[in-house]
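Inspection log for the structure reproduced underneath, given as structure tokens.
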Amino acid sequence: MNYQFSFRPINHKFTRPLVTNHGIWEIRESIIIRLIDITDKVSWGEISPISWFGSETIEQALDFCHQLPKEITSEIILAIPDNLPACQFAFESALSRLGEKSESIDIQNLTYSGLLSAGEAALHQWQSLWEQGYKTFKWKIGVDNIAKELEIFNLLIQNLPDSAKLRLDANGGLNYKEAKLWLQTCDNFQPKIEFIEQPLAVNQFAEVLELSNLYSTAIALDESVATLQQLEHYYQQGWRGIFVIKPGIAGSPSRLRKFCQQHNIDAVFSSVFESPIGRQAALQLAAELSINNRAVGFGINHFFTQQELTFPQSLWKNL
Ligand SMILES: O=C(O)CCC(=O)C1=CC=C[C@@H](O)[C@@H]1C(=O)O
Ligand SMILES: [Mg+2]
């Protein structure tokens with residue numbers, strides 16, 4: 001089966017910069033792809049790389065799109081190499097929407113986690129999210145010095161309602177001693193702390209495995225397991241804690257589905273700050289593959305102003 005292929009880069013400025021241990025991220029660069037089949041059915045996909053997590057760069061994704069012919073086949077799509085996981089996700093998602101059995105999975109039962117800004121801004125953000133129905137929040141740590149962050153944490157955790165859950169995401173920014181201090185501190189506030197995400201750098205797996213057996217606070221790996229290859233690698237290396245899965249950069253959705261179903265992993269699905277196109281495809285995987293009903297990290301939308309939350313037509317100007 002042949003598909004007419006076209007693509008369009010889109011850049012979206014965050015409504016507020018995303019500050020993490022990786023640095024300050026202000027603009028999300030993506031590529032929206034469009035497939036049209038012989039019945040003129042249109043399907044969309046989104047390439048939203050995060051190269052500092054291990055996916056391809058936006059330039060590599062653009063080069064890949066430029067070298068494709070105007071007509072492509074499902075063979076070409078299924079042969080996209082593993083070093084282009086965001087492309088694999090986008091093209092395979094678009095292709096599966098054209099398939100006859102493309103019934104969409106119900107995503108109504110998902111619960112969402114609200115992302116709080118790093119630093120003390122978080123103290124003033126959670127209330128309005130709580131009023132909107134969020135029960136789970138994620139706060140970035142490993143950005144400021146640890147004494148300052150622990151001070152803010154103590155205020156935050158005591159102000160949050162008892163039924164709220166707080167996730168901490170260090171983006172690999174803590175050293176071993178700091179990670180132990182955070183885990184020890186969180187143990188004192190259980191059960192309100194759902195997990196600490198990527199406390200140590202990706203190359204400190206032995207230490208994170210050891211820490212995961214010392215504290216009651218759970219640890220989630222994110223950067224360590226960002227692509228399917230990394231996911232399989234650390235599963236083989238013995239990780240049985242929480243896996244943060246970002247479908248947008250993990251790679252082939254069908255291979256991700258197979259892995260999650262085969263290994264029954266405790267997964268938290270997380271955004272790559274994609275547009276509604278990639279978000280829809282990722283949320284369907286989350287609804288299908290979440291086994292512990294953990295809130296999905298697709299809460300408040302940094303990206304699109306309300307009027308752009310419509311489907312791609314609003315993004316797809318003069319192709
Ligand atoms: O997972 C969530 O709650 C929201 C998404 C999120 O936190 C992230 C998305 C993309 C890159 C990262 O800065 C960050 C993360 O580390 O999880
Ligand atoms: Mg993370």
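Whatever order the structure lists ligands and atoms in, that order sets their numbers, starting from 1. For the single chain, residues carry numbers from 1 onward in sequence order.
Ile50 and Val143 fall into different hydrophobic clusters, where Ile, Leu, Val, Met, Phe, Trp and Tyr residues are linked whenever their side-chain heavy atoms come under 4.5 Å apart, directly or through other members.
Of the charged side-chain nitrogens involved, at least one lies within less than 4.0 Å of a carboxylate oxygen, so that Lys148 and Glu120 count as a salt-bridged pair. The residues Glu197 and Lys138 are annotated as salt-bridged, a charged nitrogen and a carboxylate oxygen being separated by less than 4.0 angstrom.
Looking only at heavy atoms of the protein, atom 16 (O) of ligand 1 is closest to Asn171 ND2, 2.7 Å. Atom 1 (O) of ligand 1 has as its closest protein heavy atom Ser270 OG, 2.7 Å.
Geometrically, ligand 1 and Ser113 share no nitrogen or oxygen pair separated by less than 3.5 Å. Looking at ligand 1, you'll find an N or O of Asp169 within less than 3.5 Å of one of its N or O atoms. For the pair Asp222 and ligand 1, the shortest N or O to N or O distance falls below 3.5 Å. Inclusion of Trp25 in the set of residues having an N or O under 3.5 Å from an N or O of ligand 1 is not warranted.
Both the sub-6.0 Å distance and the 45° axial angle are not jointly satisfied by Arg240 relative to the ring of Tyr234.
The Mg ion (ligand 2) lies closest to atom OE2 when only the N/O/S atoms of Glu197 are considered. Take the N/O/S atoms of Asp169: the one nearest the Mg ion (ligand 2) is OD2. No other N/O/S atom of Asp222 lies as close to the Mg ion (ligand 2) as OD2 does.
The side-chain heavy atoms of Phe53 and Val272, taken from C-beta on, include no pair separated by under 4.5 Å.
When non-hydrogen atoms are compared, ligand 1 lies under 4.0 Å from the side chain of Leu18 (C-beta onward) but not from its backbone.
Here atom 15 (C) of ligand 1 lies nearest to Lys140 when heavy atoms of Glu274, Glu223, Arg167, Lys140 are compared.
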